[in-house]
Amino acid sequence: GGSDDEATEDTEAATEETTAPAAECTTPTPVKLQLQWFTQAQFAGYYAAQDQGFYADQCLEVTILEGAVDITPQNVLADGQADFAISWVSKALASREGGANIVNIAQVFQRSGTLQVSFKDKNITSSAEFKGKKIGNWGYGNEFEIFAALTKAGLDPAKDVTLVQQQFDMAGLLSGDIDAAEAMTYNEYAQVLEAKNPATGALYTADDFNVVSYEAEGVGMLQDAIWADGSRLEDPAYVDTATKFVAASIQGWAFCRDNVSACRDIVVSKGSKLGASHQLWQMNEVNKLIWPAAGGAGMIDAAAWDRTSSLSQTAKNLEGGTVLTKAPDAGAYTNDIVTAALAMLDAMGVDTTGSGYMPETVELLEGGN
Amino acid sequence: MRRIAYRSSMFVVAIVSVVALWEFYKIVGPQDGGKFFGVSILPRANDTAMPHVWTMLSRYNRPEVRGSDTKIWSVVLSGTLFSLRLSLVGFFMGTTIGVGLAVLMSRFKVVQRGLLPYLVMSQTVPLIALAPLVVSWGGKLEIGSFVWPRWLSASILGTFLAFFPIAVGTLRGLASAPAAAVELMDSYAASWKQTLFKLRFPAAVPFMVPAFKLGASGAVVGVVVAEISTGLKGGIGRLIIEYAREATGDPAKVFTAVFGAAALGITMSGLVALSDVLLMRNRPKETSA
Amino acid sequence: MSALEVVSTSKIFNQGTAKQVDALVDVNLTVNPGEFVSLIGPSGCGKSTLLRLIANLLEPTSGSVSVNKKTAAQARLDQDYGMAFQQAGLFDWRTVSKNIELPLELKGWDKAKREARAKEMLELVKLPEFADLYPWQLSGGMQQRIAIARALAAHPQLLLMDEPFGALDEMTREYMQGELLRICGETSTTVVFVTHSIPEAVYLSNRVIVMSPRPGRITAVIDVDLGSKRNEDTRAADGFFRSITAVREALRGTHAEHAAANAVRGVEDR
Amino acid sequence: MSALEVVSTSKIFNQGTAKQVDALVDVNLTVNPGEFVSLIGPSGCGKSTLLRLIANLLEPTSGSVSVNKKTAAQARLDQDYGMAFQQAGLFDWRTVSKNIELPLELKGWDKAKREARAKEMLELVKLPEFADLYPWQLSGGMQQRIAIARALAAHPQLLLMDEPFGALDEMTREYMQGELLRICGETSTTVVFVTHSIPEAVYLSNRVIVMSPRPGRITAVIDVDLGSKRNEDTRAADGFFRSITAVREALRGTHAEHAAANAVRGVEDR
Amino acid sequence: MRQVGPAIIFGIAFLALWESAVRGFDLKPYFLAAPSKIGEQFFKNYSRIWEASMVSGGNALVGLVVGTVLGIAMSFILSRYRFLGELITPLAIALNAIPIFVLVAVLNNMYSITSEIPRRVMVTLVVYFIVLVNVAKGLTQVRSTHVELMRSYAASEFAILRKVRVPNAVPYLFTALKVAAPASVITAFVSEYFGGLQNGLGSRITSNIANAKNAAAWAYVLGACLLGLAFYAVSIILEGIARKGEAK
Ligand SMILES: Nc1ncnc2c1ncn2[C@@H]1O[C@H](COP(=O)(O)OP(=O)(O)OP(=O)(O)O)[C@@H](O)[C@H]1O
Ligand SMILES: Nc1ncnc2c1ncn2[C@@H]1O[C@H](COP(=O)(O)OP(=O)(O)OP(=O)(O)O)[C@@H](O)[C@H]1O
Ligand SMILES: [Mg+2]
Ligand SMILES: [Mg+2]
């Protein structure tokens, strides 16, 4: 990405300064991070960085703010009530178009984890087969990939399908009210597999379902990314903090890659209400979205970015509108900070590509316990 | 005292009947709901939609998440108490504002005509559109050493739902003073304020009591919804949404929190009912049948 | 200087509608300070309406009312009035004693003084032991006595009473009449008093105003010449019976006239 | 057969509390069919309470009330009563005419019949042109006449009236008295009538019951011997004045006794 | 003019203040939209707002009517049978205290997520409670003289209900309706937040807010407000009809 030159210079200057030893930390810089949702393994990297002292090592004192139904992280950030925020790219770009000066400084999730899950007997194996079906989604801006898939398949979301907003559970799918339900690989899909099949008395298995993956359909959009306040990026001190923050966060993610169950425990101890096996599954699935990261974790891949932004401009929603009306400007993301952060991590000997990453196999228990 | 004992026993009877009905329906009701003329009228009786009562009750005594040693009942209890505090704050602010507005509107007809339609409209603004604004403005507010606590935003939303019924009920009540009594006060050249406190408010009591009841439950709903929507930790609303996420696998869990919210509502309206008894104790009793 | 002056005053309800009622037409009345004036006349002739106009609780359709050279509105603001209505109009939520204290509270009296006066008034109306009861626990006559006590409590300059003794038994009534005269004499209060009892009107008043209905207006003014000191003997005095007869005659005229008017109206109406 | 029998009946309010009121103690009363009985007595002596007991609106603390050999409750259910209260008690949301129709509605009369009767009653109380107004648009006396019309409309077997003529002027009052006697005579209605006016009680009644307060009880029963046909001449009859004097004497005794009792109480109380 | 004049003036003043606040403090559209922008969106999306209003308004209307009828019926029963009243009132309170979100979630599972029934049931419950609380008070706060009079006519409880209690409860009922009218609208679309068909105002508001299209979201909010106001106006008109001629 080509952010404007001055900012780049500042960033570099700042980065050089921060390579000074972090040991002599007297007053740690306070940092507030706004999450998208409640505490769960989706955010394990940040909790791990906090728990393992990676933030402290960078002389940061990080407060993690949980999300909620009506908390829009990027707006909280733009509003000055957080220093960084985790948000999906398309949603954040919509806010940016609405005047929120926010910049993507690290693309943590390299892939989309959104699925459309349906029972086998519905025969829905691709988005083209959504036609005439009741299609579940969560709303709140988490449904853009569905619109993208529909648009790609030449379907009109207002006429060719019945869109149904799902609740926070998967009951709608299991009871047959919804033909195909939106599910994240790391969360709702697991909920389905944790539920008992009343016909057999045993848990459902993956064989009972068809799964449409938007990433595979070619309409995957970039998801969890770290966003910074664009107006403050001219301040070298903020850039310095951002770099350290990204570095420590990626260090946290790397830790979780290598210590899956330890991270599960960290998340549970931070007050996640979801059960342990569920959380472990989630940790494992989230790792799959991050690792391996060819260009280094957090690097924003221009191709994926362009795909996200063009889908955001073309995918028609229920009202016939699109997420974005015009292409995001060049300042919407920068790789400068993550590059500097990765350099710091490389110097520390942290593996930031995870080229040898192998996912684990997690067994789900009833109710996620 | 006897009255209170009687009321409580009635309440127990009521609960028992509901439990009986619930379980009865689970036996006779259709597992997948019943349809009449293509409209589903009968709810589903299966264990996901309607868990057994004992499943829900026993859930209270099991750990919140596996491995933890906090039982659900303690979590729900502390959540309920937390939300109760916020609701009380919301209710008192709502009462102040509601009564204040009603007084203003009854004093100046112009204000009434100018304001009332907008008060009505304000009630149709969804909390989802307001919650982020309140949180954000609150977060920016700092007056001297006063820093806006996050929970205050939830109370404010409780206030938002509480004030309206109170304002409307009080307004009606203030207008209900008998004409002859108003004339009497006029003949004393009682000031507007004196007439208000010595005549209009006492005369308004029968209208204000139901208004307070609605206000109290409005405050609860506002606070709980605000907890859900702003993610405020510690309250029953937050618990509800967290447990709701697990409804697929653990349907009884969300009910434990729902009952907590219900208990919260009952407590609030119990407080109002108490004020009713106090305020009406010297009024002529309607001759009983 | 006159204590009360009503100058060609009219009051028309629902003016211009089908239900128009000419409650009062062109009423003129002057009352001197300390004078006791009674209004008497058939039901619906506008007595209560006239009282309300004087008390500035109604605005006249035309004409003017002045009290002690002030407008009625000003007099009201100066708390010159004491009123007892046709219906007791006690506040259900106040005890008997607190009901009596109401006008005193409004005058800003302090608590001790108020309570002392309320007690005194309760003695006056012979209900001292009912101070702490609520009005709805009292009989109709008791309620009315409380309302009278309330009207007298603040020793108003102009006392307006609308059939205050209507619900009282004869003994209590005569006692209350005596007390009213005594108090008003001592404090030289001006009184306008509505009653349906001719002996009562004569016994109490310096002048009796006879009114007739539809439209309501004053048809006769009868001066009562019984001196200022009145007692049980007054009721046996010659002047007493003479005045009673005079008022009765005036009233009968009013009634006859009214009946005739009605007959004419009756034709017009149908 | 007696139309009404009250046997050693007592009524105590707030029994056992500091505010206990012995409203009625050991009252015995028998009224024959078609008889007109008046209750008279100082304010608060329990007249209204007795009427309420008879009408089965209050339960006696002890004793029993029977009407036409039925319990009071049964008589009430058989709609044997007609009542006019001390306070007019009209319904603000009903027009004058609808107010009068109320008891007829409850008896299930059809609309045309109800309206005809209401019209008739309005003529009787001389307010025919006010049928479509609301009660609050009427004067106090007019309201009371509407309440009387309402009580009479259904021609009840037992008519209970609590100071119905209190707010009426003398002319109207005498006219209403005459009408009441005429109607009750024609329909041989039994009447229990509360009044504070001795002449009224005597003029109307076959018997006058004199009561005394604290505790409320019957102290004298005075038979009035004026024959069944009464008219303007009755008021000049010898028997009329004799009865008036008898009632007055009985009442004075009551009052004197009451005053004495009060004096003793006064000592006790403090 | 005297009736609506102050409302119009107040409204214009309020909008002017809002507009100038947005401009003066340079509030960004993602945060708070200016009234002018909202108005623009409102007229642009007029027909969509109308369609969505029909869906949510339909749910609100059904719930309002059913809830009012049930509430009145229940308060009748309660005024007649004290026993039942003491049995049911605390339950009604408890039910009402459960936030809409949650009940809808529970109801969505009990019925079907694609059904409008849970939303209507929800509105019904909310309205029912408001009506019940007020009307029950109105039915019991009657003048004792009136009840005594009716008793003396041996009027049945039903007759007393019809002739005394009901007329007395009328002002209470309309107080309730004035509160219930806007409440029914807000409940109808708050019920949409938790899930279900995405055809009403609620889902449009959330999705526009999620899209950071604040002005469009508030255009739908405006639609909701107008809907609530329409309901309110109808209840005022009904009150005028029901109580014409009565004492002020
Ligand atoms: N509901 C009540 N509670 C307590 N005391 C009451 C109640 N009703 C009446 N009393 C008392 O009972 C006594 C008798 O009252 P009642 O109304 O029968 O008198 P009354 O003879 O009708 O007097 P009046 O001529 O003034 O109407 C009074 O002392 C009164 O205070
Ligand atoms: N608010 C009102 N609206 C319409 N007409 C009214 C109103 N108040 C009084 N009137 C009418 O004015 C006339 C006079 O009423 P007012 O009360 O003054 O009579 P009154 O002389 O006091 O009679 P009473 O002796 O019966 O109390 C009556 O015909 C009455 O119907
Ligand atoms: Mg009058
Ligand atoms: Mg009485």
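Order of the sequence lines fixes the chain letters, A, B, ..., with proteins taken first and strands second; residue numbering starts at 1 for each chain.
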Using non-hydrogen atoms only, which part of [X] is less than 4.5 Å away from chain B: side chain, backbone, both, or neither?
X        : result
E:Lys137 : side chain
E:Phe14  : neither
E:Ala224 : both

Heavy-atom pairs under 4.5 Å with chain B are the metric here; pick the option from [options] that has the most.
options                                : result
E:Leu227, E:Val133, E:Val185, E:Leu222 : E:Val133
E:Ile236, E:Val221, E:Leu226           : E:Val221
E:Phe174, E:Tyr232, E:Tyr172           : E:Tyr172

4.5 Å side-chain heavy-atom contact, [X] and [Y]:
X        : Y        : result
B:Pro117 : E:Leu229 : yes
B:Val111 : E:Phe10  : no
E:Phe129 : B:Leu214 : yes
E:Pro182 : B:Met121 : no
E:Asn134 : B:Phe207 : no

Pick one of side chain, backbone, both or neither for [X], based on which atoms fall under 4.5 Å of a heavy atom in chain E.
X        : result
B:Val223 : neither
B:Val12  : neither
B:Leu116 : side chain
B:Phe255 : side chain

Nearest 0.5 angstrom please: [X] [atom1] to [Y] [atom2], how far?
X        : Y        : atom1 : atom2 : result
B:Ser122 : E:Ile186 : OG    : CD1   : 8.5 Å
E:Lys178 : B:Leu171 : NZ    : CG    : 7.5 Å
B:Lys213 : E:Ile130 : NZ    : CD1   : 14.0 Å

Minimum heavy-atom distance B:Val125-E:Trp218, with the two atoms named |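 It is CG1-CH2, 3.9 Å.
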